[in-house]
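Throughout, a chain's letter reflects where its sequence line sits, starting with A, and its residues are numbered from 1.
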2 protein chains.
Amino acid sequence: MITYSEQTRVLVAVDCIIFGFDGEQLKILLIKRGFQPAKDQWSLMGGFVGADENLYGAAERILYQLTGLKDLYLEQLKAYGSPERDPIERTISVAYFALIDINKYKTQISDRYHAEWFLINDAPSLIFDHDIMVEEAKKRIRYKAALHPILFELLPKKFTIPQLQNLYEQVYNTKIDNRNFIRKVNSTDLLIKLSEKDKSSSKRGAFYYTLDKNKYKAKFQSFLNFIPNPEHLISM
Amino acid sequence: MITYSEQTRVLVAVDCIIFGFDGEQLKILLIKRGFQPAKDQWSLMGGFVGADENLYGAAERILYQLTGLKDLYLEQLKAYGSPERDPIERTISVAYFALIDINKYKTQISDRYHAEWFLINDAPSLIFDHDIMVEEAKKRIRYKAALHPILFELLPKKFTIPQLQNLYEQVYNTKIDNRNFIRKVNSTDLLIKLSEKDKSSSKRGAFYYTLDKNKYKAKFQSFLNFIPNPEHLISM
DNA sequence: AAAAATAAACGTTAATTAGACGTTTATTAT
DNA sequence: ATAATAAACGTCTAATTAACGTTTATTTTT
């Protein structure tokens, strides 16, 4: 019988970088740890991979435990495995990032985790290498969103073009020309215009739109261009 | 003292998808396993992560053990963690892909590994989930090479534009218009023209070029466009 | 020694796209 | 009524792209 008897086994965890948008601000969901190690410090939501779980499944479970939500946009970012990253015991962490519409999120699913949304530019510093994970996740999202329509995953069912533009402006930390932006968005043909208007943020009101799910899926891999010169904006 | 006593530990390995180019053909380096499990079958080169190694370091070591080469282009692809992926015992594998100039490679560094280069489209099927890793690595390279000059990592110090074009044609499995290709390559300003010509593949001969390392590093993150409509070619 | 063959390298053009910027419109507040 | 304002639509120029044509350097053939 063959075994790998010589080898050391290590812990494997999944950590989730959870981005959310409430229609106005881009945020990240962090937990104040009610447990050891690093009790009372802020960290990403995470957990060990169960014996019968694959990595994606573990990420889904962890996300569900915190948010009560399923079928979220969830993508593997990277595996982190520096030997000293967890001071208690060597742990490999596979980081996933998730994009969610904050309105779908109901607060305080479990009181094992005290979770809080933070503005993306005003979050506390985190344990272990979690700050690095967040930075790399931000870069990944900026990179990917420059080419593919992932940011729609952050928006509610119906949303306005100014809201969408605001989201892009926050992700890239830049001002976008609204006349060109509207034109580009419309030219993708991904949106369906509704008759209803959102009057909350202007006198004239802005029409609501909804994502055409089929076209979204079909065109997801195509290269978009909502952001001029994205390469200059990705790594900031 | 805090411990993670409840948790199961698992094996963590690194597997390398090694792409090479000999000036004419795009290849992948595989090993015929001289050891258990799956002895005598083809697989990617891999190994367990050592107690004091980080993941990237383990990948470098594994690559060095097989090829004798250091400082190669090496990038994490993804972590694979399906519970049944290794039938002997649960093992998380972190896959890395490497790009190397085959001319640098000296055969048979160690006889623990019988390694062989295979044409990218004519490789044997591999153990475990290694075929999936190779497919995903190919996609990743097609995606990345459409935007960034990574394919230069596969070329020798001096190379001709027809060679470069041939490499792109193999990666994307498509014919490229040579007049547009030359112009695009020149417009990047990444290459330095040498006075010497390669006469081996045409009567007229093609000038050798060499990569301007500084410009390469500086412009690596910019978006290139050597390939028209890459999105149609990435996932084939 | 001239002619043919051929890949390499350079050039042209038309269509499309991108980005800068101007104008109109619907609505509310004054 | 008028002013104010964000939303939405429009225009123009420059840059980029891709399709396609031409010349050139060299070797092989005659």
Checklist entry - Under 3.5 Å, side chain of Lys219(A) to main-chain N/O of Thr188(A), donor-acceptor pair present? => result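 Side chain of Lys219(A) to backbone of Thr188(A), a donor-acceptor pair under 3.5 Å: yes, one is there.
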Next on the checklist: Quick check against the 3.5 Å criterion: does Thr210(B) have a side-chain atom that pairs as donor or acceptor with the backbone of Lys157(B)?
Outcome noted: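 Yes.
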Checklist entry - When Lys27(B) is tested against each of Asp122(B), Asp22(B), Asp101(B) for salt bridge (Lys or Arg N to Asp or Glu O under 4.0 Å), which residue passes? => result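 For Lys27(B), the salt bridge (Lys or Arg N to Asp or Glu O under 4.0 Å) test succeeds with only one of Asp122(B), Asp22(B), Asp101(B), which is Asp22(B).
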Checklist entry - Toward the 5' end of DNA chain D, which comes first, Thr160(A) or Lys199(B), by nearest nucleotide? => result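 Of the two residues, Thr160(A) wins.
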Next on the checklist: Base of dA7(D), side chain of Lys203(A) - is there a donor-acceptor contact under 3.5 Å?
Outcome noted: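 Donor-acceptor pair under 3.5 Å: no.
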Next on the checklist: Any donor-acceptor pair, under 3.5 Å, between the side chain of Arg204(B) and the base of dA25(D), if you only look at N and O atoms?
Outcome noted: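 Between dA25(D) and Arg204(B), which were checked side chain against base, a qualifying N/O pair under 3.5 Å is absent.
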Taking only nitrogen or oxygen atoms into account, show me every contact under 3.5 Å that the protein makes with nucleotides 19-23 of chain C, one pair per line with its distance.
residue	atom	partner	partner atom	Å
dG19(C)	OP2	Lys184(A)	NZ	2.7
dA20(C)	N7	Asn180(A)	OD1	3.3
dA20(C)	N7	Asn180(A)	ND2	3.0
dA20(C)	N6	Asn180(A)	OD1	3.2
dA20(C)	N6	Arg183(A)	NH2	3.2
dC21(C)	N4	Arg179(A)	NE	3.3
dG22(C)	N7	Arg179(A)	NH1	2.3
dG22(C)	O6	Arg179(A)	NE	3.3
dG22(C)	O6	Arg179(A)	NH1	3.4

Between [N] atom [atom2] and [X] atom [atom1], what is the distance in whole Å?
{"X": "Glu231(B)", "N": "dT17(D)", "atom1": "CD", "atom2": "C1'", "answer": "14 Å"}
{"X": "Phe223(B)", "N": "dA15(D)", "atom1": "CZ", "atom2": "C1'", "answer": "19 Å"}
{"X": "Asn186(B)", "N": "dT17(D)", "atom1": "CG", "atom2": "P", "answer": "15 Å"}
{"X": "Ile161(A)", "N": "dA6(D)", "atom1": "CD1", "atom2": "P", "answer": "17 Å"}
{"X": "Lys193(A)", "N": "dA7(D)", "atom1": "NZ", "atom2": "P", "answer": "13 Å"}
{"X": "Phe181(A)", "N": "dC9(D)", "atom1": "CZ", "atom2": "C1'", "answer": "16 Å"}
{"X": "Gln165(B)", "N": "dA9(C)", "atom1": "CD", "atom2": "C1'", "answer": "12 Å"}
{"X": "Ile176(B)", "N": "dA19(D)", "atom1": "CD1", "atom2": "C1'", "answer": "15 Å"}

Next on the checklist: With no hydrogens and no angle check, just 3.5 Å: does a side-chain donor-acceptor pair link Tyr143(A) and Gln221(B)?
Outcome noted: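 Looking only at side-chain atoms, Gln221(B) and Tyr143(A) do not form any donor-acceptor pair under 3.5 Å.
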Next on the checklist: Strictly below 4.0 Å: does Lys197(B) bring a side-chain N or O up to OP1 or OP2 of dT26(D)?
Outcome noted: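 Yes, because at least one side-chain N or O of Lys197(B) sits under 4.0 Å from OP1 or OP2 of dT26(D).
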Checklist entry - Regarding Lys70(B) and the six-membered ring of Tyr64(B), is the cationic atom NZ or CZ under 6.0 Å from the ring centre and inside 45° of its axis? => result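 Yes, cation above the ring, under 6.0 Å and within 45°.
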Checklist entry - Do the ring centers of His148(A) and Tyr73(A) come within less than 6.0 Å of each other? => result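 They do not qualify: ring centres at least 6.0 Å apart.
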Checklist entry - Does NZ in Lys197(B) sit with more than 12 non-hydrogen atoms of other residues, nucleotides or ligands closer than 6.0 Å? => result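 Yes, because the 6.0 Å sphere around NZ of Lys197(B) holds more than 12 heavy atoms from other groups.
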